[in-house]
Amino acid sequence: MSTASELIRKDILAGLESAFEKGTLPEIQVDDAAIERPQNPEHGNFACSLPLKLAKPFKMNPLAIAKALTENLPTNGVIGNASVVAPGFINITLDRRWVLDQVHWIRDNPETFSDISIGKGKSVQVEYVSANPTGRLHIAHARGAVIGSTLSELLRTAGYIVQEEYYLNDAGNQIDNFDISLLTRYRQLCGECVELPEDAYPGEDIIDVARKILDRDGHRYLKMPEEEARSAIGIAGTPLILEGISQDISSLRIQFDNWFSEKSLFKAGQFQKCIKILNDKGFVEKKDGATWLISSELGEEKDNVLIRRTGAPTYFATDIAYHFNKFHERRFDRVIDIWGADHQGQVSRLKSALAALGTNPDNLDMVLVQMVRFKKGKTAEKLSKRSGNVIPLLELVNEVGADACRFMFLSRSHDSQLEFDLDLAKENSSENPVYYVQYAHARICSILRLATSKGISFDEGEPNRLGEPSELNLINKMLELPDVVETSVRNLEPHHLPHYALELATCFHLFYQNCRVISSHASDIPLTKSRLMLVDAARIVLKKSLDLMKMTAPEKM
RNA sequence: GCCCCUAUAGCUCAGGAGGAUAGAGCACCGGUUUCCUAAACCGGAGGCACAGGUUCGAGUCCUGUUAGGGGUACCA
């Protein structure tokens with residue numbers, strides 16, 4: 001089965017081919033049917049602007065092209081009517097019977113009706129959140145988390161094999177800092193009078209971890225030499241931190257398929273191997289006691305340090321090795337990283353390094369998620385981990401709810417900054433658009449419940465009895481979901497999904513307003529059954545939209 | 001300085017690979033309920049930062065200006 005837009009596209013190209021054969025249009029290769037869904041309903045379900053685009057290469061008047069094309073369009077498929085309109089559009093109305101038949105199609109394929117095949121079974125890894133394991137997650141992590149997980153769902157429904165991964169930065173500076181912070185907190189709990197160093201993490205979640213360690217292991221770390229104590233308590237603390245992160249993330253209904261340890265890159269020799277390859281290719285040099293990647297020879301603005309004078313690798317170096325692992329060891333066809341926009345400077349040089357390692361950088365996409373400002377009262381404040389004025393992710397989810405949280409973070413384009421009004425989300429939640437969508441689903445379920453209680457079955461309903469504008473409008477909107485999936489996946493932009501869900505809900509509410517579903521008149525039974533069928537199909541599509549966003553679809557509100 | 005992102009209604013944001021009259025929610029004004037959920041529906045008012053360019057056509061692409069955010073470390 002194909003989607004409406006696929007069929008229309010096919011028909012237009014077929015019409016073109018047929019006009020070529022008849023010689024009414026000059027035979028020039030055309031790949032794109034240039035169709036869209038017009039905003040003005042008077043322009044039909046689809047509009048084709050191909051004649052306008054072909055005017056120049058064909059050296060013909062667009063209206064003449066439109067006429068020739070329209071005359072050759074197949075007439076017994078999806079296209080019900082095609083009309084030529086100045087300055088050269090073809091407005092296409094879907095065949096009514098075909099549209100109504102889709103109600104059956106959706107009900108017969110509730111899980112797969114919106115699946116598309118652009119992924120072609122390729123493997124793709126989506127890596128997101130990947131916050132340093134130095135504490136609990138806070139609200140700044142939420143946006144990337146929601147975007148990453150929804151994108152993963154979308155990629156699956158688009159035919160990709162998806163792995164969701166959390167990259168665990170369990171090596172490096174931040175971790176040293178964490179060890180020091182944890183040890184300090186631990187000592188404080190043991191009654192020692194020690195100050196938290198300036199660079200340390202002030203967060204209270206580290207105190208919680210220190211307390212757990214104290215309860216479990218007693219005072220053993222006090223007796224160790226400084227270095228040993230740091231490392232030992234760090235090793236003891238990491239699993240506890242991970243437990244917390246895992247709990248935080250699951251509050252947003254996220255579960256990773258894999259947690260990848262940075263340390264493992266060194267243990268497995270991956271890091272060393274990677275540097276060696278770069279070295280063998282002549283892109284590595286020693287300067288000022290450090291080891292550099294000569295990225296300037298790879299088209300970058302400047303060279304970058306791989307291994308510091310101290311012998312410690314930079315984040316950049318391990319990131320190269322990590323991505324080398326993704327492509328060369330684990331052989332993903334595609335990799336998508338969801339990053340905060342503050343990592344934007346890393347994109348180009350990482351891609352260059354990968355290219356030097358023989359990976360096509362086009363197989364790597366970074367989705368840069370812009371910063372979120374959280375508005376409390378009238379002031380929008382920037383929250384930072386260092387200043388300690390962070391709001392834990394769990395607190396946000398508990399107060400706002402996972403559904404509202406996901407919807408809010410999803411509904412903005414990732415490359416726009418987002419202002420999250422905490423007060424509005426908390427106090428005014430009933431005015432939140434998320435409820436509008438969920439309410440439509442609850443309404444649907446309510447109708448279906450009534451039908452059940454009245455003993456009305458509707459499997460034998462006949463969609464071709466339908467035909468009210470708001471009915472057709474609703475079905476047409478339902479048929480758009482596969483296109484929304486395609487657009488979202490193609491552009492890695494999950495924000496189209498909540499907007500679609502809103503539109504679909506609007507179409508349903510409108511239908512509900514205009515069409516009485518369960519009639520009390522016996523003579524209306526066939527229509528009632530047909531409408532129940534439509535309502536059930538609408539339920540399936542709405543549910544699917546919510547599922548893709550990992551939101552709940554309440555049956556009662 | 002250089003690089004990236006952004007600028008659309010009073011506010012928060014869409015505008016789905018340039019298309020025909022730019023949309024939604026909230027806020028404001030007015031209306032709708034003998035009937036399946038009024039958390040709904042209908043109507044009103046209100047906008048593409050500025051200046052050029054590309055073309056049959058620009059909110060969308062290009063250049064410049066202005067404003068905001070981010071980056072430009074042997075931090076991550």
Side-chain angles (χ1 to χ4, degrees), chain A residues 32 34 36-40 42-43 47 49 52-53 55-56 62 85-89 91 130-132 169 172-175 177 199 287-292 301-302 304-310 312-316 318-319 340-348 368 370-371 373 375 382 408 411-421 424 428-433 435-436 438-440 442-451 454 480 483-484 486-488 490-491 493 495-496 498-500 502-503 505-506 508-510 512-520 528 531-532 535 556-557:
Chain A
D32 182 15
E36 63 183 87
R37 297 191 190 255
Q39 50 180 355
N40 186 337
E42 287 172 20
H43 297 151
S49 59
L52 288 160
K53 292 184 174 30
K56 194 171 276 181
V85 179
F89 291 104
N91 290 342
S130 300
N132 287 328
N169 291 102
N173 274 353
Q174 299 280 326
I175 285 300
N177 257 337
D199 294 342
K287 280 192 290 190
D288 308 324
T291 304
W292 293 71
E301 274 183 20
K302 56 188 185 62
N304 292 282
V305 172
L306 292 172
I307 300 172
R308 301 185 185 93
R309 203 178 307 155
T310 60
T314 58
Y315 174 89
F316 175 49
T318 49
D319 224 18
D342 54 339
H343 290 248
Q344 151 258 121
Q346 180 86 348
V347 172
S348 177
L368 297 175
Q370 293 291 327
M371 302 292 129
R373 284 181 311 159
K375 193 173 155 196
K382 220 184 100 185
M408 294 304 257
S411 52
R412 280 32 168 165
S413 162
H414 64 79
D415 52 16
S416 289
Q417 290 182 26
L418 181 159
E419 185 172 300
F420 197 107
D421 189 327
L424 185 80
N428 259 347
S429 56
S430 66
E431 287 165 4
N432 198 307
Y435 293 94
Y436 179 84
Q438 292 184 319
Y439 181 66
R443 254 188 169 176
I444 288 173
C445 291
S446 170
I447 296 170
L448 297 176
R449 269 196 304 273
L450 182 70
K454 290 193 168 203
E480 280 184 33
D483 291 343
V484 174
E486 184 175 343
T487 300
S488 303
R490 194 177 50 220
N491 302 322
E493 290 176 344
H495 73 274
H496 298 298
H499 289 279
Y500 169 76
L502 230 29
E503 288 171 9
T506 299
F508 177 77
H509 287 311
L510 205 61
Y512 178 90
Q513 197 73 20
N514 294 335
C515 301
R516 174 79 199 180
V517 177
I518 299 178
S519 169
S520 42
T528 289
R531 284 189 171 157
L532 280 168
V535 167
K556 281 182 185 170
M557 281 176 80

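Source: prediction; values computed, not measured. Letters A, B, ... are given to chains in the order of the sequence lines, protein chains preceding strands, and every chain is numbered from 1. Just so it is clear, the values below take in all heavy atoms, side chains as well, and ignore hydrogens, waters and symmetry mates.
- Spacing between B:rC62 and B:rA45 at atom P, rounded to whole Å, works out to 35 Å.
- Taking only side-chain atoms of A:Gln344, from C-beta outward, the nucleotide of B:rG71, B:rA20, B:rA14 with the closest atom is B:rG71.
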Once Watson-Crick and G-U wobble pairs under 3.5 Å are found, how is RNA chain B written in dot-bracket notation, 5' to 3', with | for any base paired to another strand? (((((((..((((.....[...)))).(((((.......)))))....(((((..]....))))))))))))....
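- In terms of phosphate contacts, A:Lys56 brings a side-chain nitrogen or oxygen within less than 4.0 Å of OP1 or OP2 of B:rC56.
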Protein N or O to nucleotides 10-12 of chain B N or O, pairs below 3.5 Å:
from: B:rU12; atom 1: O2'; to: A:Arg412; atom 2: NH2; distance (Å): 2.8

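- When the salt bridge (Lys or Arg N to Asp or Glu O under 4.0 Å) test is applied to A:Arg443, no partner is found at least two apart in sequence or on another chain.
- Distance noted for atom C1' between B:rA40 and B:rC4: 43 Å (whole Å).
- Checked against ring pair (Phe, Tyr, Trp, His ring centres under 6.0 Å), A:Phe508 has the following partners two or more places apart in sequence or in another chain: A:Phe511.
- Every residue was checked against the salt bridge (Lys or Arg N to Asp or Glu O under 4.0 Å) condition with A:Arg516, not counting sequence neighbours, and none meets it.
- Considering only the side chain of A:Ala290, B:rC74 comes nearest among B:rA76, B:rA14, B:rC74.
- Set against B:rC56, B:rC74, B:rG16, the side chain of A:Thr314 has B:rC74 as its closest nucleotide.
- Every residue two or more places apart in sequence or in another chain that forms a ring pair (Phe, Tyr, Trp, His ring centres under 6.0 Å) with A:His509 is listed here: A:Tyr436, A:Tyr439.
- By the side chain to side chain contact (heavy atoms under 4.5 Å, CB included) test, A:Glu493 is found to be paired with A:His414, A:Asn491, A:His495, A:His496, residues two or more places apart in sequence or in another chain being considered.
- Straight-line distance between the C1' atoms of B:rA14 and B:rG31: roughly 28 Å, to the nearest whole Å.
- Here B:rG19 is the nucleotide among B:rC74, B:rA39, B:rG19 with the atom lying nearest to any side-chain atom of A:Phe89.
- With B:rG16, B:rG69, B:rA14 as the choices, the nucleotide that has an atom nearest any side-chain atom of A:Ser413 turns out to be B:rA14.
- Of the candidates B:rU6, B:rC74, B:rG69, the closest approach to any side-chain atom of A:Ser416 belongs to B:rU6.
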Could you write out each protein N or O paired with an N or O of nucleotides 40-44 of chain B at a distance under 3.5 Å?
from: B:rA40; atom 1: O2'; to: A:Arg443; atom 2: NH1; distance (Å): 3.0
from: B:rC41; atom 1: OP1; to: A:Tyr436; atom 2: OH; distance (Å): 2.4
from: B:rC41; atom 1: O4'; to: A:Gln513; atom 2: OE1; distance (Å): 3.2

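- A stacked arrangement is assigned to A:His43 and the six-membered base ring of B:rA20, with a centre-to-centre distance below 5.5 Å and an interplanar angle below 30°.
- Mapping A:Phe316 and A:Glu301 onto RNA chain B by nearest heavy atom places A:Glu301 closer to the 5' end of the strand.
- A gap of 7 Å separates the C1' atoms of B:rU33 and B:rA38, to the nearest Å.
- The gap from the P atom of B:rU6 to that of B:rU60 amounts to 13 Å, rounded to the nearest Å.
- Look at the C1' atom in both B:rG59 and B:rC13: the space between them is 14 Å, to the nearest Å.
- Between the side chain of A:Asn91 and the base of B:rA20 there is at least one donor-acceptor pair of N/O atoms closer than 3.5 Å.
- Mapping A:Arg490 and A:Gln370 onto RNA chain B by nearest heavy atom places A:Gln370 closer to the 5' end of the strand.
- When distances are taken from the side chain of A:Ile447 to each of B:rU6, B:rG16, B:rC36, the shortest belongs to B:rC36.
- Judged as a salt bridge (Lys or Arg N to Asp or Glu O under 4.0 Å), and not counting sequence neighbours, A:Glu301 has no contacts.
- The side chain to side chain contact (heavy atoms under 4.5 Å, CB included) search around A:Asp288 returns none, not counting sequence neighbours.
- Under the side chain to side chain contact (heavy atoms under 4.5 Å, CB included) criterion, A:Leu510 pairs with A:Asn473, A:Asn514, not counting sequence neighbours.
- Taking the charged nitrogens against the carboxylate oxygens, A:Asp32 and A:Lys53 have no contact shorter than 4.0 Å, which rules out a salt bridge.
- Applying the side chain to side chain contact (heavy atoms under 4.5 Å, CB included) rule to A:Leu532 yields the partners A:Ile447, A:Leu448, A:Ala451, A:Ile456, A:Phe458, A:Val517, A:Ile518, A:Thr528; only residues at least two apart in sequence or on another chain are considered.
- To the nearest whole angstrom, the two C1' atoms, one in B:rA22 and one in B:rU8, are 8 Å apart.
- In this structure, of B:rG70, B:rC36, B:rA39, it is B:rG70 that holds the atom nearest to the side chain of A:Asp342.
- Judged by distance alone, with hydrogens and angles left aside, the side-chain atoms of A:Thr314 form no donor-acceptor pair with the main-chain N or O of A:Ile307 at under 3.5 Å.
- The C1' atoms of B:rU66 and B:rG10 are separated by 23 Å, rounded to the nearest whole Å.
- Side-chain atoms of A:Thr487 lie closest to B:rG16 of the nucleotides B:rA14, B:rG16, B:rC74.
- Listed nucleotides B:rG16, B:rU21, B:rG69 differ in distance to A:Val484; the shortest reach to its side chain belongs to B:rG16.
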